[in-house]
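Okay, so here's the structure we're looking at.
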Amino acid sequence: MDTLGAPGAGIAVALENLFPPLPSEVVLPLAGFAASTGRMDLFAALLWITAGSVVGALALYWVGALLGRDRTVAIAARLPLVKVSDIERTEAWFSRHGTKAVFFGRMIPVFRSLISVPAGVERMPLRVFLGLTALGSAIWNTVFVLAGYLLGENWTDVTGYVSAYSKIVLVAAALAVLLLAAVRLLRRRAGGGRRDRRASGTPEGTPAESVRPRGRPSR
């Protein structure tokens, strides 16, 4: 950013979409701090950073588009505890709520980059995708750039709050995945038990002891 100014901040944010280890939560308030010192114009920084967000998201959109539905389904079908019906339900959900997912997803750490991939797989109209991405990213970027601008040399305080927010999001996502996996395993075991009972001729819900053949009565 010292070398390229506002365009450098935009490039850093574009790369953040493709390489998550480069967090926007550091780049954005740092750009605001740089603007507060006069090293770059605040408005120019916001414009370039939002443009970088759109470019990075567009690259991931085309990754999803090139991957396509058939390849996505084939990959998902090989994953444990994932069914093709899950993909179909996800497609149905995205067709109904995809616009909200893309817009609000720009304000959720980690998922703000990944949401571009299913949008590409489902071939969301490009104009809609770009508009929602630009608007959602502009809101997210403005909040953090202004925070860095107002905090000045204390701009690093922003990263602590965002780090806590990111951890909450990741823990919630991990718990959701674990819950889904547990439900799938329980259903699979229950289904296997029913098939075993049918194969042995045991009525469902009947204890095994009650269907054992009794000895002949003595005469």
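Since we're looking at a predicted model, the values are computed, not measured.
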Inset, instruction - Would you please name every residue forming a side chain to side chain donor-acceptor pair (under 3.5 Å) with Arg39, sequence neighbours left out? - result: Asp2, Thr37
Legend entry - Sub-4.5 Å side-chain heavy-atom contact between Ser53 and Asn141: yes
Legend entry - Hydrophobic cluster membership, Val54 vs Ile139, 4.5 Å side-chain cutoff: yes
Legend entry - side chain to side chain contact (heavy atoms under 4.5 Å, CB included) between Leu28 and Trp140, worked out: CA-CA 9 Å; Leu28 297 178; Trp140 174 268; 3.7 Å; yes
Legend entry - Nearest heavy-atom neighbours spanning Val27 and Ala12: CG1-CB, 3.9 Å
Legend entry - Leu132-Trp62 co-clustered via ILVMFWY side chain contacts under 4.5 Å: yes
Identify each donor-acceptor pair in which a side-chain atom of residues 98-108 lies under 3.5 Å from a protein atom, sequence neighbours left out, and give them as a table.
residue: Lys100; atom: NZ; partner: His97; partner atom: ND1; Å: 3.3
residue: Arg106; atom: NH1; partner: Arg112; partner atom: O; Å: 2.5
residue: Arg106; atom: NH1; partner: Ser116; partner atom: OG; Å: 3.3
residue: Arg106; atom: NH2; partner: Ser116; partner atom: OG; Å: 2.9
residue: Arg106; atom: NH2; partner: Thr133; partner atom: OG1; Å: 3.1

Inset, instruction - Using the rule that two of Ile, Leu, Val, Met, Phe, Trp, Tyr join whenever any of their side-chain heavy atoms come within less than 4.5 Å, decide whether Leu130 and Met124 are in one cluster. - result: yes
Legend entry - Considering all heavy atoms, the nearest Met40-Ala45 contact: SD-CB, 3.6 Å
Legend entry - Tyr61 side chain near Val121 side chain, heavy-atom distance below 4.5 Å: no
Inset, instruction - Taking the side chain as every heavy atom from C-beta outward, state whether Leu126 and Leu58 have any atom pair closer than 4.5 Å. - result: yes
Legend entry - Spacing of Leu60 atom CG and Leu67 atom CG [to the nearest 0.5 Å]: 12.0 Å
Inset, instruction - Enter the distance from Leu46:CG to Tyr149:OH here, rounded to the nearest 0.5 Å. - result: 10.5 Å
Inset, instruction - Would you list the pairs meeting salt bridge (charged side-chain N to carboxylate O under 4.0 Å, His left out) in which at least one residue belongs to residues 49-63, sequence neighbours left out? - result: none
Inset, instruction - Work out which heavy atom in Ile49 is nearest to a heavy atom in Ala9; give both atom names and the distance. - result: CG1-CB, 3.8 Å
Legend entry - Joint cluster assignment, Val55 & Leu135, ILVMFWY side-chain distance < 4.5 Å: no
Inset, instruction - Examine Leu146 and Val13 and state if one hydrophobic cluster contains both, with Ile, Leu, Val, Met, Phe, Trp and Tyr joined whenever side-chain heavy atoms are less than 4.5 Å apart. - result: yes
